[in-house]
Student: 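I'd like to ask some things about the structure below.
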Amino acid sequence: MQGFIIRFSLPVRIFLVLALLTFLIVRIKPDEITGAFKSIEPLYLTLALILMIPNLSLQLFKWGTILGELIPKPSGITVVKSLLGGFFLGALSPGRVGEIARGIFIPGHSSLKIASLTALDKGLNQITVLFIGLIALSA
C-alpha cells in the first residue's frame, strides 16, 4: 500500500495543484489579475526579489537545524523540498494549513513529529516578529 501511495503521490499532487489553480483562475477575473500586475512598482518588486535570497537562506538554515533533531537526519535536498513544498501548499490552502504538510516531503518519519517541528518553526517565526516589533516600537 505504501509503495502505491509513493508511486502515485507526485501525479496526485500535480493534479491537485492544477485543479486549485484552475479554480482560482475561474473564480478571479483575468482583468483583475492583469490590473494587479500593471500596478506593481518595478523598484519595489526588484527589492522584494533581492530580499528573498537572504530570507530563503535563513529559512532553510533554520528548518535544517530544526530537522537535525530527527534520526536519521534528512538530506539537504529533502530539507529544501520540504520547506518549499510546505510554502507552496501553505500559500494555496486556507489559513496556511499547508505548512503543516511539510512532513509529506520527509519520508520515514512520524507525521506527528514533523508537524510538531513545523509548529516549533512557526512559533520561532512569531517570537522573532514580536521581538523585532517590540524593538522597533521602543526606538
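Both backbone and side-chain heavy atoms feed into the values below; hydrogens, waters and symmetry mates do not.
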Student: Can you confirm whether more than 12 heavy atoms, excluding those of K62, are under 6.0 Å from its NZ atom?
Tutor: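 It does: K62 NZ has more than 12 such atoms within range.
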Student: Do L83 and L120 sit in one hydrophobic cluster, given that two such residues count as connected whenever their side-chain heavy atoms are within less than 4.5 Å of each other, even indirectly?
Tutor: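 Linked, L83 and L120 end up in one cluster.
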Student: Hydrophobic cluster membership, with links at side-chain heavy-atom distances under 4.5 Å among I/L/V/M/F/W/Y: are L84 and I77 in one?
Tutor: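 In one cluster: no.
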Student: Just how far is it from atom NZ of K113 to atom CD1 of I71, taken to the nearest 0.5 Å?
Tutor: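 Here the interatomic distance stands at 7.0 Å.
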Student: Looking only at heavy atoms, which two atoms of R102 and S82 are closest? And how far apart?
Tutor: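 Closest heavy-atom pair between R102 and S82: O-OG, 3.2 Å.
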Student: Rounded to the nearest 0.5 Å, how far apart are CG of L58 and CD1 of I53?
Tutor: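 If I round to the nearest 0.5 Å, the distance is 12.0 Å.
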Student: Within this structure, what is the CG-CG distance for the pair L117 and L112, rounded to the nearest 0.5 Å?
Tutor: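 So the CG of L117 and the CG of L112 are separated by 9.5 Å.
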Student: Identify the heavy atoms of L67 and P74 that sit nearest to each other, and give their distance.
Tutor: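 Smallest heavy-atom distance, with atoms named: O-CD, 3.6 Å.
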Student: For W63 versus I114, what's the shortest heavy-atom pair and its separation?
Tutor: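 Answer, listing the atom of W63 first, then I114: CH2-O, 4.4 Å.
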Student: Output the distance between atom NZ (K38) and atom CD1 (I40), rounded to the nearest 0.5 Å.
Tutor: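 The distance works out to 12.0 Å.
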Student: Quick one: CD1 on I127 to CD1 on I132, what's the gap to the nearest 0.5 Å?
Tutor: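 With rounding to 0.5 Å, CD1 (I127) is 12.5 Å from CD1 (I132).
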Student: Is it the case that one hydrophobic cluster holds both M52 and F61, taking links as side-chain heavy atoms less than 4.5 Å apart, direct or via other members?
Tutor: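 In one cluster: no.
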Student: When you group the ILVMFWY residues by side-chain heavy-atom contacts below 4.5 Å and let the links chain together, are L56 and L49 in the same group?
Tutor: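 Per the 4.5 Å side-chain linkage, L49 and L56 are co-clustered.
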Student: Keeping the roles fixed (side chain from H109, backbone from K73), state whether a donor-acceptor pair exists under 3.5 Å.
Tutor: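 No: the side chain of H109 does not pair with the backbone of K73.
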Student: Can you check whether T118 reaches I66 side chain to side chain, under 4.5 Å on heavy atoms?
Tutor: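 Not touching, per the 4.5 Å side-chain cut-off.
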Student: Would you check if D121 and N125 make a side-chain contact, meaning some heavy-atom pair closer than 4.5 Å?
Tutor: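 In short, these two side chains touch, coming nearer than 4.5 Å.
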Student: Evaluate the criterion side-chain contact (heavy atoms from CB on, under 4.5 Å) for residue pair L134 and L130; output intermediate values, then yes/no.
Tutor: CA-CA 6 Å; L134 288 173; L130 180 66; 4.2 Å; yes
Student: Are L20 and F88 joined in one hydrophobic group, where the rule is that I, L, V, M, F, W and Y side chains link up if heavy atoms are under 4.5 Å apart?
Tutor: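 In one cluster: yes.
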Student: Is it the case that atom CD in E69 sees more than 12 heavy atoms from other parts of the structure closer than 6.0 Å?
Tutor: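 Counting neighbours around CD of E69, 12 or fewer heavy atoms of other residues, nucleotides or ligands fall under 6.0 Å, so no.
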Student: Ignoring hydrogens, what is the shortest heavy-atom contact between A36 and S39? Give both atom names and the distance.
Tutor: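 Taking every non-hydrogen atom into account, O-OG, 2.8 Å.
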